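In what follows, a structure is listed as C-alpha cells, so that the remarks can point back to it.
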There are 2 protein chains.
Amino acid sequence: MSHISGVRQAQKQKTRQALLDAALELLEGQSLSSLGLREVTRAVGIAPTAFYRHFRSVEDLGVALVEEALGSLHPMIRTIVSTTGDGEERIARAVELIAGHVDAHPAHVRFVARERHGGVRVVREAIRGQLELFTAEVGEALGSDPESAGWGEEDLLMLAQLYVDQMLMTASLLLDATGGGAGERERVAGSAARQLRLISVGRAHWLDRAGGDG
Amino acid sequence: MSHISGVRQAQKQKTRQALLDAALELLEGQSLSSLGLREVTRAVGIAPTAFYRHFRSVEDLGVALVEEALGSLHPMIRTIVSTTGDGEERIARAVELIAGHVDAHPAHVRFVARERHGGVRVVREAIRGQLELFTAEVGEALGSDPESAGWGEEDLLMLAQLYVDQMLMTASLLLDATGGGAGERERVAGSAARQLRLISVGRAHWLDRAGGDG
DNA sequence: CATTCCAGAGAACAGTTGTTAACTGCATGG
DNA sequence: CCATGCAGTTAACAACTGTTCTCTGGAATG
C-alpha cells in the first residue's frame, strides 16, 4: 500500500499514458467504437494482453480519455469566464483562447466533438456529465456578474449551456478549418466572434421583453 | 437500357432500402466506422457478396444515408422558415416541428448528430455539404424578412449558421431526453425555446450596437 | 422462343479480432 | 536475502472481417 513509490508504479503510469496517447492518435481517423484493443497495443509496442493491466476494455480507456481531454479544458473555461474588460475585448479573448486550445490539443478537441454523440454509451455519458459541470460553473460565474441582475436561475443556465455548446462548436470548426489554410481559420474565428456578439446583445436586452418572466 | 422497368428494378430498390434500414438500426449502438458489411447483410438476410450490387463499401452506404436523412429534413426547414406569426409563436412552432421530426425519424437524427463529427471522412463531408446548403437557404429566407433590413451578407450567414446548429443541437438533446420520461423532454424543449428567444432578442437589437459595421 | 443480363448465392482466402491460460523476470516489502 | 506481487510475454482459441471468383435462376429484351 505504498502511496508514493518508485520505478514500478512510474513505469506502469508511463505505459498507461502511452496507451492513451496511441489511442488518441489512432482516433484521428476513426471512432472509438471501431478502435481495437490490439490496434492500440500494437501502436505502443506491447503485447495485446498487457492492455488488461491498465484498462478493462477499450470503452474503459475511452472514459479515461474523457477525463484527460475535458480536464485540460477546465482551466481554460475558468480563464475565459474570469477575463475582464468590455464585451468586445472579452469576446476576442475568448476566441483566441479557444483557438489556442485547439492548436495545443487538437486530438483532445476532436475526441470530445466526435464521441460526444458517438457510438459508445458510457463515453457519451462521461462527456455529458463533465459538460454539465462546466455549464453549472459557467452559470455560476454568469450569476455573479452585475449584468445578470434580475435573471432567473433557469435563464442563467440556458445561457451557460448556449455558451458551452458554442465553445465546443467553435473549437470543432476551428479544428476542421486547420486543414484549409490560414484564411479559412480566420473566417471561422470571425464568424464565431460574431455569434458570441449576437448572444451578448441578446443577453443585454433579455429583460427588455414585454411580459418578462423575471 | 430501360429507364422505367418492372419487377426487376423494383426488387433491387427494395433490397437497397432494406440495407439502408438495417444499417440505420444497427447504428443505434455504434458508429459508422465500426459498422461491418457482413453485419448489415446478415440483418437483411442476404449473402455478404450481394452487398456490392448496391454499394461499393460501407462508407458509400453512409453517404446514401446522409442524403436520406438530410433529405427528409429539408422540407421541415422550409416549413419552419416560412412559418408566420409573431416571434413567440414562431419559436414555439419551430420547437414543435423539431420535436415532431425527432419522433418521426429518431434514427435519422441520431445518425446525423453522430456522423457529423464521426470517423468517416466522406460522410462528414457529405453532411457538411448538406448543412451548408441548409445554411444558405436559411440565410436567404432571413434576408427577405423585413426584420433583416440593413443587415450585411456575412451577418445573415452567421445568424443562419447559429440557427442551423441550434436546430441540430436541440434535435439531438430531444432524442437523448426521449429515454428519460416526458418531464425531461419538456425541460429540454423549454430550454431550447429560451435559447431561440435569446437569439431572437439579439437579432432584434443587432444594429443598435455602437460602431455597427453595416 | 432464344438470348442476354444481373441480383443474389456459395465457397474459399488471408487477416483480423477479444479473451483465456500459464509463463517470466524484476522491483518491492518484510 | 528471500518471498511475494505484478507488468508484460507467449501461445492458442474460436469467431469474425472484407474481398475474390464462380455459379444460378429468373426477369428483361428482341
Side-chain angles (χ1 to χ4, degrees), chain A residues 1-23 25-65 118-123, chain B residues 1-23 25-65 118-123:
Chain A
M1 196 174 295
S2 49
H3 52 300
I4 71 140
S5 60
V7 187
R8 206 66 203 254
Q9 302 254 9
Q11 177 56 33
K12 178 166 184 180
Q13 286 294 344
K14 211 172 134 188
T15 304
R16 184 189 142 99
Q17 191 58 47
L19 285 167
L20 290 170
D21 292 348
E25 195 173 337
L26 288 166
L27 283 173
E28 185 180 331
Q30 61 185 313
S31 306
L32 186 66
S33 79
S34 66
L35 184 65
L37 170 161
R38 295 182 100 107
E39 200 178 347
V40 180
T41 55
R42 195 184 311 129
V44 172
I46 62 175
T49 52
F51 183 92
Y52 294 105
R53 299 288 178 195
H54 303 274
F55 305 102
R56 220 162 342 147
S57 64
V58 176
E59 299 198 356
D60 210 36
L61 177 144
V63 173
L65 276 179
V120 182
R121 181 177 240 280
V122 290
V123 170
Chain B
M1 196 173 292
S2 49
H3 50 299
I4 72 140
S5 60
V7 185
R8 206 66 205 256
Q9 301 254 8
Q11 177 56 34
K12 178 166 183 180
Q13 286 293 344
K14 211 171 135 189
T15 305
R16 183 189 143 100
Q17 192 58 47
L19 285 167
L20 290 169
D21 293 347
E25 195 172 338
L26 288 165
L27 283 172
E28 187 179 332
Q30 61 185 316
S31 306
L32 185 66
S33 79
S34 67
L35 183 66
L37 170 162
R38 294 181 101 107
E39 201 178 348
V40 180
T41 56
R42 194 185 310 128
V44 172
I46 63 175
T49 53
F51 182 92
Y52 295 104
R53 300 287 178 193
H54 303 275
F55 304 101
R56 225 173 324 162
S57 64
V58 176
E59 299 198 356
D60 211 34
L61 178 145
V63 173
L65 276 179
V120 181
R121 179 178 242 280
V122 290
V123 170

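Proteins get letters first, then strands, A, B, ... in listed order; numbering begins at 1 in each. Because the structure is a prediction, the values reported are computed rather than measured.
Rounded to whole Å, the distance from NZ on A/K12 to P on C/dG25 is 21 Å. The nearest whole Å value for the distance from the CD atom in B/Q9 to the P atom in D/dA27 is 14 Å. Atom-to-atom, NZ of A/K14 to C1' of D/dC6 comes out at 18 Å; the value is rounded to the nearest Å. Rounded to whole Å, atom C1' of D/dA7 lies 12 Å from atom CG of A/L19. Remark: P of D/dG8 and CZ of A/R16 are 12 Å apart, rounded to the nearest angstrom. Between A/I46 atom CD1 and D/dA7 atom P the separation is 12 Å, expressed in whole Å. Note: CD (B/Q13) to P (C/dG8) measures 11 Å, nearest angstrom. Across the protein-nucleic acid pair, A/Y52 atom OH and C/dT20 atom P stand 6 Å apart, rounded to whole Å.
In this structure, A/R42 reaches the sugar-phosphate backbone alone: every heavy-atom distance under 4.0 Å involves primed, P, OP1 or OP2 atoms, never a base. As judged by a 4.0 angstrom heavy-atom cut-off over every strand, B/F51 is placed among residues making no nucleic acid contact.
Both B/L35 and A/T15 sit near DNA chain D, but only A/T15 has its closest nucleotide nearer the 5' end.
Of the candidate nucleotides C/dG10, D/dT9, C/dG18, C/dG18 has the atom lying nearest to any side-chain atom of A/R38. The side chain of A/R8 has D/dC6 as its nearest neighbour among D/dC6, C/dT19, D/dA28. Of the listed nucleotides (C/dA11, D/dA7, C/dT20), C/dA11 has the atom at the smallest distance from the side chain of B/T49.
Under the side-chain hydrogen bond (donor to acceptor under 3.5 Å, both in side chains) criterion, B/Q30 pairs with B/S34, B/E39, sequence neighbours left out. Partners of A/E28 according to the side-chain hydrogen bond (donor to acceptor under 3.5 Å, both in side chains) rule, which considers only residues two or more places apart in sequence or in another chain, do not exist here. Here B/R121 pairs with B/E125 under the side-chain hydrogen bond (donor to acceptor under 3.5 Å, both in side chains) rule; sequence neighbours left out.
Only one option out of A/V40, A/L65, A/V44, A/T15 pairs with A/L20 in a side-chain contact (heavy atoms from CB on, under 4.5 Å); it is A/L65.
The side-chain hydrogen bond (donor to acceptor under 3.5 Å, both in side chains) analysis of residues 54-64 of chain B, with sequence neighbours excluded, yields no pairs.
The stretch residues 53-62 of chain B touches DNA chain C through B/R53, B/H54, each having a heavy atom within less than 4.0 Å of the strand.
Of all non-hydrogen atoms in A/P48 and A/T41, the two that sit nearest each other are CA-OG1, 3.5 Å.
In B/Q11, the CD atom is crowded: over 12 heavy atoms of neighbouring residues, nucleotides or ligands sit closer than 6.0 Å.
Taking CG of B/L37 as the start and CG of B/L61 as the end, the distance is 9.5 Å to the nearest 0.5 Å.
Of the possible polar contacts, none joining the B/S31 side chain to the A/G118 backbone as a donor-acceptor pair under 3.5 Å is found.
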State the dot-bracket string of DNA chain D. Criteria: Watson-Crick or G-U wobble, both atom distances under 3.5 angstrom; notation: ( ) intrastrand, [ ] crossing earlier pairs, | interstrand, . unpaired. ||||||||||||||||||||||||||||||
